[in-house]
Structures are given as structure tokens and as C-alpha cells.
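Just so it is clear, the structure is predicted and the values come from calculations on it, not from any experiment.
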Amino acid sequence: MKRRLAQGESVFGCWVDTGSSTVVEILGHAGFDFVVIDLEHGQGDIATATEMIRAAQLTDMTAVIRVPSNDPIFLKRILEVGADSLMIPQIETAEEAKAAVHACRYPPQGARGYAAPVVRASSYGKVKDYIHRANDNLLLVLQIESQSAVKHAAEIAGVEGVDVAFIGVNDLGGSIGRLEQLDHPDVRKLVAEAEAALKKTGKIMGTVPSAGATPKELFAAGYKMVPLAVDVALLRDAALACVREHAPPARLSARRSVTRAAAGSGTGGRGCRHAIPDRPAAGTAGRSLPPAAFRW
């Protein structure tokens, strides 16, 4: 995928938060270019991530690992199990970007620790020139997710070794007190500032659909890497649609009564209100949103 992006191609993917290698394999067979295996918010650890990487490789789909943080020890370990595409959240400055690059690359370009002959990434030592390939093959995606990061966006993207600058719109809004208000003018202004800064650097941009923008519109606006759905939401929405279509009317009525009672009691209302929806979610009426796209 690094080569495709460098050649100007646009790629689309799906977040995986279930921690399921079976889900990854299904998404690969479905035709996604990549998955983002989410170890920041999703279920899973290095062991389950290894299985998900294997599943992606079976279908010739790229597995991008979103790590929990910019931790050099974790970065080293996830690279050794075979990750060659990483997404690092909450990068605030060029210094943090340089630290990420330094942790992910072998000397002399970085300070990644050496265990090449015994790790999965080198086919357990069969790939003799792995340390020379690894630096060149790594796709490094850094997330810009706050108002302060936007001010340093050009500097972050300009660091050598950073391949993609990824605008995290949800946390961007949260950083100015506008969480879940992705179409608020202040949030859109901040996104526009980030876009303008990044376009001047010529670096590849990525983001998620937000404020009603479709993936096609994002690609037309200059983004090249767009994960357009989430595995949890794909399953949830398909399950809810199946229940709405096929469940006996009495069951639907009873479930709605339980849902509203739970919401009124203040115990679990937020999760329960999605159980059997009989009206559009707040703020989505009249808008065309990508199915299962970032409505959690």
C-alpha cells in the first residue's frame, strides 16, 4: 500500500475494533484495500494483532496497526510480529514525530532494537536482508488530533520518514470542547486549517468521513487514505436491520418499551437507544451518511 499511495492512488479501508481475525479475513475477501487494527480503542493485544495480521496477509490486504501510544517498546514489539504499517495517535509536535520515526527504524536511521533472526517479521530468520528492507517498507501514519497539533501540522508532516498525516476529526473537535459536533463551524474551520497546512507539504493525507462528507468527496478533496467503516458498526447495523425486517411485531413493540424504560431510568440509556431504532439518530435526519461509518 505504501507503493500505491506513493504513486498517487487512493485507498479505502475499514476499522477493526472487535479484535477478530475472522472479521479481518472477511473484510479482505470483501475487497477492502486495508484494515486499521485498532489497539488504541479496540479489543486485542499483540498476540491477537499477530493473528489479525496473518488473516490480512492471507487475502493480500494491508493491515495498519493503530498502536495505543507513541511508545518505543510497543512499537518495536508490534513491528517484530510482522506489522509493516503503523498508525500512531495523538502526535503533537515535530519532536514527537521524530521520536516515532526513530523508534521504528533500525540504525543508523533510528534506534530500533535488534532481534531480526528470531522474529516473525523476518520469517524467523529466513529473510536475511530483513533489516535493510524494514526501514524502506515501513508505512508510518501519524494522527493529528488536537488544536495544538494543527498548529504544528506542517512540521509534523515534514519529518522525514512520515508517510501519511491523518486528521482525527473526532478528537480534534473534542480538543476545542466540541466532541461529537463534527459539523460545528469551529470544528470545520480547524479541519480546514489542518488540510491547508498539510497540502503545502505535499504529504499524503488521510481521515475518516465526517459531517456528512462521503468517501468520494474526501478523495476529491485530496485525501488518499480513508477508512470508511467500522466492523462493529457494520455488524450492528446489519443485525438491527435484520431484526427490524423479520422480528414479529409484538417482539419489536416489547423491545422498544424496554429500551425507552432503560433510557428513562438513566441506566445504560446511551447503549440501549440503538437497540431497535424507530426514528433516525439525532442529527442524521435528511443527511446521507456512509453506512456504518463513524456513528458510534
Side-chain angles (χ1 to χ4, degrees), residues 1-9 11 13 16 19 21 24-25 27-29 32-40 42 44-89 91 96-143 156-157 159-166 203-204 206 224-225 227:
M1 191 168 81
K2 180 175 182 174
R3 176 184 52 79
R4 292 174 62 190
L5 286 168
Q7 292 174 347
E9 289 188 41
V11 295
V16 174
S21 57
V24 170
E25 190 174 5
L27 294 171
H29 287 304
F32 284 95
D33 293 317
F34 68 94
V35 287
V36 180
I37 296 172
D38 192 353
L39 300 185
E40 182 189 15
D45 53 22
I46 288 178
T48 52
T50 304
E51 297 306 316
M52 289 187 276
I53 292 169
R54 284 194 179 103
Q57 290 170 338
L58 284 172
T59 62
D60 293 323
M61 176 177 63
T62 297
V64 179
I65 311 297
R66 178 157 75 168
V67 298
S69 65
N70 193 9
D71 172 14
I73 303 300
F74 192 96
L75 292 170
K76 174 178 63 179
R77 295 191 65 201
I78 199 68
L79 287 167
E80 288 181 345
V81 299
D84 60 7
S85 302
L86 299 181
M87 178 183 287
I88 304 178
I91 298 297
E96 291 183 5
K98 290 174 183 177
V101 173
H102 197 65
C104 292
R105 291 175 176 264
Y106 284 117
Q109 291 89 356
R112 178 181 168 186
Y114 178 77
V118 297
V119 299
R120 180 178 182 273
S122 68
S123 297
Y124 305 102
K126 286 187 65 179
V127 180
K128 300 301 182 184
D129 61 344
Y130 169 71
I131 64 168
H132 303 292
R133 295 186 189 186
N135 288 356
D136 293 336
N137 291 344
L138 175 66
L139 175 69
L140 189 59
V141 182
L142 301 188
Q143 289 192 268
I156 292 168
V159 170
E160 185 177 355
V162 175
D163 298 296
V164 180
F166 194 98
K203 281 291 175 75
I204 298 163
K224 296 298 183 182
M225 179 181 180

query = Excluding sequence neighbours, so at least two apart, what forms side chain to side chain contact (heavy atoms under 4.5 Å, CB included) with H29?
reply =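 H29: side chain to side chain contact (heavy atoms under 4.5 Å, CB included) contacts with E25, T59.
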query = Quick one: side chain to side chain contact (heavy atoms under 4.5 Å, CB included) partners of Q7, sequence neighbours excluded?
reply =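 Side chain to side chain contact (heavy atoms under 4.5 Å, CB included) list for Q7, sorted by chain: R3, E9.
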ask   = What pairs meet the salt bridge (charged side-chain N to carboxylate O under 4.0 Å, His left out) rule with one or both residues in residues 45-56, with sequence neighbours excluded?
value =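 Listed by first then second residue: E51-R54.
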Hey, can you pull the donor-acceptor pairs under 3.5 Å for the side chains in residues 71-88, sequence neighbours left out?
{"unit_1": "D71", "atom_1": "OD1", "unit_2": "I73", "atom_2": "N", "d": "3.1"}

Nearest non-hydrogen partners of [X] and [Y], listed with the distance:
X	Y	value
Y106	A134	CE1-CB, 4.0 Å
A99	N70	CB-ND2, 4.5 Å
G19	T48	O-CB, 4.3 Å
A116	Y130	CB-CD2, 4.1 Å
K2	D136	NZ-O, 2.8 Å
M225	V164	SD-CG1, 4.1 Å

Do [X] and [Y] have side chains that get closer than 4.5 Å, going by heavy atoms?
X	Y	value
T62	R4	no
V127	R133	yes
V141	I204	no
L142	V162	yes
V64	M1	yes
R105	R112	no
V11	F34	yes
P89	V67	yes

Gap separating the [atom1] atom of [X] from the [atom2] atom of [Y], nearest 0.5 angstrom:
X	Y	atom1	atom2	answer
D163	L139	CG	CG	5.0 Å
D38	I65	CG	CD1	10.0 Å
T50	R120	OG1	CZ	7.0 Å

message = My understanding is that only residues two or more places apart in sequence, or in another chain, count here; which of them pass side-chain hydrogen bond (donor to acceptor under 3.5 Å, both in side chains) with N135?
response =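 Expected list: Q109.
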ask   = Got a sec, which residues hit side-chain hydrogen bond (donor to acceptor under 3.5 Å, both in side chains) with D60, two or more places apart in sequence or on another chain?
value =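 By the side-chain hydrogen bond (donor to acceptor under 3.5 Å, both in side chains) rule, D60 matches no residue at all.
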inquiry  = The test is side chain to side chain contact (heavy atoms under 4.5 Å, CB included); show your working for Y114 and I131 and say whether it passes.
reply    = CA-CA 9 Å; Y114 178 77; I131 64 168; 3.8 Å; yes
Test log, rule side chain to side chain contact (heavy atoms under 4.5 Å, CB included), inputs Q143 and I91 = CA-CA 6 Å; Q143 289 192 268; I91 298 297; 5.8 Å; no
request  = Show your reasoning for whether side chain to side chain contact (heavy atoms under 4.5 Å, CB included) applies to V16 and M52.
outcome  = CA-CA 9 Å; V16 174; M52 289 187 276; 4.1 Å; yes
